Amino acid sequence: MKRRSGFLAACLVIAFFGIGGCKKESPPPPIAVSEYIQPDAPPTYTAPRGSNEPDVTFTDITASAGIRFTHVNGAFGEKWMLETMGGGGGFFDYDGDGWADILLVNSGYWPGHEQPGQAPTSKLYRNRRNGTFEDVTGASNLSIVSGYAMGFSAADYDGDGDSDVYITAVGKNHLLRNDGGKFVDVTDEAGVGFSACNDSASPWEWSTGATWLDHDRDGDLDLFVCNYVAWTPQTDIWATLDGKTKSYATPQPYDGSTSVLFRNEGDGKFTDATKQAGVFNRDGKSLGVVADDFNNDGWPDLVITNDTQPNFLYINNQDGTFTDRALSAGVAYDENGLARAGMGVSVADLDNRGSKSIAIGNFSGEPVSLYTQMGMETFLDRAGASRLSKPTEAALTFGLLFADINLDGFEDLILANGHIEPEIEHIRKTWEFAQRPQLFLNNRSGQFVEVTDRAGAPFESKIVGRSVATADIDGDGDLDVLLTANGGPPKLLRNERSKDANVVRVRLIGSGKNTNALGAVLRAEIGSVTQTRYVTTGGSYLSQSELTPTFGLGQATSITRLTIRWPDGSQAEFPNLAAGSLYVIQQGKGVIRSDALKPRP
């Protein structure tokens, strides 16, 4: 995770071809310095025409919403690196009422170092639809999960209409089947507790990010699980920052552990298809994963972030296998040809022109990466050109997420920051342990404008941030934010965007067993602009956002035409979707319901 530095050399070759070879050409006049060396002025954000509100602000409603949770990392003085990496959290609709509920993933104490009182557990909060949440951890049977958990991914893997939950952990992972609002641990019968392909698998196998996808398009959902490094208490490596005391180690001295693809067999059981699918790779030290369709062929691909190792870009071969194209695509390394410490990941079409950008959070000293699609499978890191490098260099970014926070039709970027070493400020004066989250608005001209200082009180306080997720928790159409912290309480932030911008939200119901329509692509034409959304789980860091796409319309009053490419490749079109509503669209049936969004004050 340490900083690397270096420069790429550039070479410019100029060729002159004369006409009538005897004529001597005059040299071109020198180019004025001011014409090609521009001052590094910060970008600006201009509100869309007709709107006078360039920024958004947030209010911390954690306490008033009834969220009572503290992540426990179990640190007891030995500084085991696992203690620095949790905990995840996010949104999913566990009870099927159409409102986003909250899952907060806890880690715990190490054996022999338990503290008095009730053992820490992950918690589930049901949305009461009035701005508050009810703790239903016991009522939902989520409390059956024990162990040192890291993150989660939720989807309807058995096709019965409700969302099931997969919780990653150090040790055994857990698959919780949702039976009408009650969770049943089906890990063992499903065969997804540990990888079968990893010869070095042990009771300490360390899983991190996860995502559901139909990788072979057979109609049911498969599961991709990131694994990090081969660590055990017996192989813990002593590291130091000051040469005297132990510090938290980086992953560099540890062997990697291959990530895993579990293929859904359609009968409640999964098969470890990692090797057959071509994703077996112990060179990865994987933390984040998200599915998207990078070559627009209708098959889900995967981007995986690796910590101090090259990232992976698995392109789907349409036959149940993948090929890693990260190196040729330009997303494996940074611009200096070095592997960064990749944490969280998010994908979006930032300029509404159909190309994808992959954002990756990195270690302090390594700014956020922004790999932008130049061709079908070619990317260029445009973090510098987008003005993200300088303001993100000192931060240690774990979770990051694209979302249209101000509803102007262009996706913005929010970062969850926090270091791993509590003593870092004594070693590096410009680095901090607890850090402020950051918010960048997309200025619709290829640059991001940091508005952290104007985003409200929650962005003034520092936390040891880990995951970030978004959902419309109060039904007013804009996206609210959940930030989790390592060893501390989360923050639930209500979006106070209150003027002008219009919005359309769409909830899809897929056919067959893929009821969440994972892998669907939505293209919304609003005037001359086309916004694209891909329905996926995973992303960010150890977390999940709601599966309901949100289309900010700015001053437009409707989506002129919405085109949906369903996961099976079929398409449907819907004209004139008026702003101010959430549309529920079922494959084969069309719009089955529209609900008016709550008016903003």
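Note that this is a predicted model, so its numbers are computed, not measured.
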Determine the minimum heavy-atom distance between [X] and [Y], stating which atoms define it.
| X | Y | answer |
| --- | --- | --- |
| Asn486 | Met85 | ND2-N, 3.9 Å |
| Ser140 | Tyr94 | CB-CE1, 4.0 Å |
| Ala291 | Thr536 | O-OG1, 3.3 Å |
| Leu479 | Ala403 | CD1-CB, 3.8 Å |
| Cys226 | Ser259 | CA-OG, 3.3 Å |

[atom1]-[atom2] distance between [X] and [Y], expressed to the nearest 0.5 angstrom:
| X | Y | atom1 | atom2 | value |
| --- | --- | --- | --- | --- |
| Ser257 | Trp231 | OG | CH2 | 14.0 Å |
| Thr250 | Met81 | OG1 | CE | 6.5 Å |
| Arg126 | Asp93 | CZ | CG | 11.0 Å |
| Thr121 | Leu142 | OG1 | CG | 7.5 Å |
| Asp472 | Thr548 | CG | OG1 | 8.5 Å |
| Leu221 | Leu223 | CG | CG | 9.5 Å |

For this session: Evaluate the criterion side chain to side chain contact (heavy atoms under 4.5 Å, CB included) for residue pair Val289 and Leu302; output intermediate values, then yes/no.
Result: CA-CA 7 Å; Val289 58; Leu302 292 164; 3.9 Å; yes

Are [X] and [Y] within salt-bridge range, i.e. N to O under 4.0 Å?
| X | Y | answer |
| --- | --- | --- |
| Lys285 | Asp255 | no |
| Arg533 | Glu411 | yes |
| Lys172 | Glu205 | no |
| Asp135 | Arg68 | no |
| Lys491 | Asp60 | yes |
| Arg507 | Glu546 | no |

Assess the side chains of [X] and [Y]: does a donor N or O sit below 3.5 Å from an acceptor N or O?
| X | Y | result |
| --- | --- | --- |
| Asn281 | Thr258 | no |
| Asp307 | Thr305 | no |
| Arg428 | Ser364 | no |
| Thr515 | Asp156 | yes |
| Thr452 | Gln438 | no |
| Thr59 | Glu496 | yes |
| Glu83 | Tyr248 | yes |
| Asp220 | Tyr157 | no |
| Ser143 | Thr137 | no |
| Thr211 | Thr537 | yes |
| His71 | Thr484 | no |
| Trp206 | Asn227 | no |
| Thr397 | Asn417 | yes |
| Ser207 | Asn173 | yes |

For this session: Could you walk me through whether Ser369 and Asn362 pass the side chain to side chain donor-acceptor pair (under 3.5 Å) test, one step at a time?
Result: CA-CA 7 Å; Ser369 303; Asn362 297 306; 3.0 Å; yes

Taking the six-membered ring for Trp and the full ring for Phe, Tyr or His, determine whether the centres of [X] and [Y] are under 6.0 Å apart.
| X | Y | value |
| --- | --- | --- |
| Tyr166 | Phe152 | no |
| Phe363 | His419 | yes |
| Phe224 | Trp212 | no |

Flag, side chain of [X] to backbone of [Y], donor-acceptor distance under 3.5 Å:
| X | Y | result |
| --- | --- | --- |
| Asp272 | Ser195 | no |
| Asn264 | Gly268 | no |
| Gln544 | Gly89 | no |
| Thr132 | Ala65 | no |
| Lys246 | Glu78 | yes |
| Asn178 | Ser163 | yes |
| Asp101 | Asn127 | yes |
| Thr232 | Gln234 | yes |
| Glu425 | Glu423 | no |
| Arg340 | Pro367 | yes |

For this session: Evaluate the side chain to side chain contact (heavy atoms under 4.5 Å, CB included) criterion for residues Arg466 and Tyr541: first the C-alpha distance (whole Å), next the side-chain angles of each, then the deciding distance (0.1 Å), finally the verdict.
Result: CA-CA 7 Å; Arg466 290 300 180 260; Tyr541 177 78; 4.2 Å; yes

Measure the shortest side-chain to side-chain distance between [X] and [Y] over non-hydrogen atoms and say whether it is less than 4.5 angstrom.
| X | Y | value |
| --- | --- | --- |
| Pro120 | Asn106 | yes |
| Leu482 | Leu104 | yes |
| Val535 | Pro549 | yes |
| Phe183 | Val145 | no |
| Leu176 | Asp164 | no |
| Ile304 | Leu287 | no |
| Ile102 | Leu492 | yes |
| Tyr228 | Ser286 | no |

For this session: Report the C-alpha separation of Glu432 and Lys462 in whole Å, then their side-chain angles, then the decisive distance to 0.1 Å, and conclude whether the salt bridge (Lys or Arg N to Asp or Glu O under 4.0 Å) test is met.
Result: CA-CA 9 Å; Glu432 298 176 304; Lys462 301 174 182 178; 2.5 Å; yes

Problem set entry | Mutual orientation of the aromatic rings belonging to Phe312 and Tyr314 [parallel < 30°, tilted 30-60°, perpendicular > 60°] | tilted

Exercise. Taking the six-membered ring for Trp, are Phe322 and His215 parallel (under 30°), tilted (30 to 60°) or perpendicular (over 60°)?
Worked result: parallel

For this session: Please test Val303 against Val347 for side chain to side chain contact (heavy atoms under 4.5 Å, CB included), starting from the C-alpha separation and ending with a verdict.
Result: CA-CA 9 Å; Val303 59; Val347 178; 4.2 Å; yes

